[in-house]
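Owing to the predicted nature of the structure, the values given are computational and were not obtained by experimental measurement. Just follow the structure's listing: the first ligand is 1, and inside any ligand the first atom is 1.
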Amino acid sequence: MHVDKAKMTLGVNIDHIAVLREARKINDPDPLMALAICAQSGADQITIHLREDRRHIHDEDARRIIASSPLPVNLECAIEPSIIDIVCTLRPHRATLVPEKRQEVTTEGGLDVSGNYDSIYKAVQQLKEREIEISLFIDPTREAIEASERLGVEWVELHTGSYANLYAMRHSALPHSHHAIEPLNLSRHALDSLLENAYGAIVDAANYARSLGLKVAAGHGLNYQNIAPIVTIETIEELNIGQSIIARSVFTGLATAVSDMKALCHR
Ligand code: PXP
């Protein structure tokens with residue numbers, strides 16, 4: 001399968017605009033307003049997550065975004081039959097199946113594909129019938145890739161959360177999230193080695209997935225500082241980035257935040 005080595009596409013996850021709205025439970029800011037700005041600023045895709053608890057994006061947001069986005073919409077969702085039914089009705093360009101826990105602050109790890117094989121298989125068949133492209137959000141392991149390949153999906157998205165946490169611990173002495181790697185007082189040398197392993201796992205997983213004919217995306221915890229090494233991995237075609245872009249947009253405006261990130265995606 002041919003990979004365009006110069007091209008790294010950017011999916012902008014706009015959930016955090018809805019997070020801000022939900023802080024007041026009003027209708028401002030409206031995530032729909034982000035669509036044209038993202039498109040004009042170089043984004044290639046809009047990503048949203050319809051969580052079971054509807055803590056940010058609601059069904060009506062998803063419906064309006066899919067109906068009016070000038071860019072393809074990648075809808076993240078759990079392997080929960082009632083959610084899959086909604087996704088089949090909404091018919092986004094792509095569905096990314098993610099693990100979901102009610103109490104989590106964000107998606108903490110990849111799907112256990114082998115452990116949930118039958119329910120994922122069922123969801124995949126249902127989505128395929130509706131001609132929705134499918135991606136599985138997985139940890140960067142060969143086992144998860146092989147199970148994904150057996151399911152016949154087009155894409156895998158590699159979870160970059162461990163890499164992002166370690167990068168933050170190594171470069172700023174601050175964990176990226178509250179799920180920092182313990183213990184927190186690791187030496188620089190130890191962090192270098194953990195970071196190298198986490199990065200190596202992403203490189204290996206991306207190359208392996210590509211060799212099996214899968215398209216490869218990556219995301220979670222990526223930001224303006226830690227993105228550079230990821231962009232050099234030629235077998236990764238797409239990044240999905242949310243929190244860091246929306247956080248920066250508070251200060252720079254969304255257009256600049258998106259176009260700055262897109263510039264960093266160039267290789
Ligand atoms: N990709 C997937 C599958 C996700 O679940 C998320 C988080 O919602 C992201 C990418 C974006 O992560 P972040 O907001 O940390 O950039």
Side-chain angles (χ1 to χ4, degrees), residues 8-20 22 31 34 38 43-57 61-62 65 72-80 83 87 92-102 104-113 120 133-140 144 148 153 155-168 175-180 202 205-206 215-227 230-231 236-250 254 257-258 260-262 264-265:
M8 170 73 94
T9 57
L10 175 64
V12 177
N13 183 318
I14 60 172
D15 293 345
H16 283 79
I17 298 175
V19 168
L20 199 52
E22 293 306 305
C38 288
D44 303 286
Q45 171 171 270
I46 297 294
T47 296
I48 50 174
H49 185 173
L50 185 67
R51 290 187 66 97
E52 283 182 79
D53 59 13
R54 309 298 200 274
R55 72 167 71 145
H56 40 55
I57 293 291
D61 294 322
I65 288 167
V73 176
N74 171 27
L75 181 55
E76 298 173 9
C77 59
I79 354 153
E80 161 59 39
I83 292 278
V87 176
H93 182 82
R94 188 189 309 166
T96 297
L97 303 183
V98 303
E100 220 175 272
K101 290 187 224 137
R102 293 246 164 180
E104 68 189 358
V105 175
T106 180
T107 316
E108 285 161 5
L111 275 174
D112 174 5
V113 185
I120 298 176
E133 202 176 81
I134 304 160
S135 181
L136 303 182
F137 191 40
I138 57 170
D139 289 322
S148 303
V153 297
W155 287 85
V156 286
E157 179 169 341
L158 304 176
H159 197 299
T160 49
S162 296
Y163 162 80
N165 275 336
L166 287 161
Y167 190 98
H176 161 75
S177 78
H178 64 298
H179 287 285
I202 296 169
K215 295 182 182 185
V216 185
H220 207 278
L222 296 179
N223 60 34
Y224 298 85
Q225 289 77 42
N226 66 22
I227 187 179
I230 300 293
V231 171
I236 298 182
E237 295 185 40
E238 176 190 291
L239 300 178
N240 286 299
I241 307 181
Q243 201 274 339
S244 62
I245 294 178
I246 305 305
R248 180 174 286 207
S249 75
V250 172
L254 185 58
V258 172
D260 284 357
M261 190 62 89
K262 181 64 185 188
L264 296 175
C265 290

Could you check whether any side-chain N or O of [X] sits under 3.5 Å from a backbone N or O of [Y], counting only pairs where one atom can act as donor and the other as acceptor?
{"X": "N13", "Y": "I241", "value": "no"}
{"X": "Y163", "Y": "L222", "value": "no"}
{"X": "E100", "Y": "E52", "value": "yes"}

Minimum distance, heavy atoms only, to atom 13 (P) of ligand 1: which one of Q243, R51, H16, H56 is it?
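It is Q243 whose heavy atom sits nearest to atom 13 (P) of ligand 1.
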Parallel, tilted or perpendicular: which fits the ring planes of H56 and H16, with parallel below 30° and perpendicular above 60°?
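Correct class here is tilted.
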Please assess R51 against E80 for the test salt bridge (Lys or Arg N to Asp or Glu O under 4.0 Å), listing each intermediate value before the final yes or no.
CA-CA 10 Å; R51 290 187 66 97; E80 161 59 39; over 6 Å; no
Ion pair present between K215 and E157, side-chain N to carboxylate O less than 4.0 angstrom?
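Not counted as a salt bridge, because no side-chain N and carboxylate O are separated by less than 4.0 Å.
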With nothing but distance in play, are any N or O atoms of I241 less than 3.5 Å from an N or O of ligand 1?
no
N/O separation below 3.5 Å, F137 to ligand 1
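In this structure, F137 places no N or O atom under 3.5 Å from an N or O of ligand 1.
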With atoms numbered from 1 as shown, which atoms in ligand 1 lie under 4.0 angstrom from a non-hydrogen atom of [X]?
{"X": "N13", "result": "8 (O)"}
{"X": "E76", "result": "1 (N), 2 (C), 3 (C), 4 (C), 5 (O), 6 (C), 8 (O), 10 (C)"}
{"X": "E157", "result": "1 (N), 2 (C), 3 (C), 10 (C)"}

Heavy atom of S244, distance to ligand 1 below 4.0 Å
no
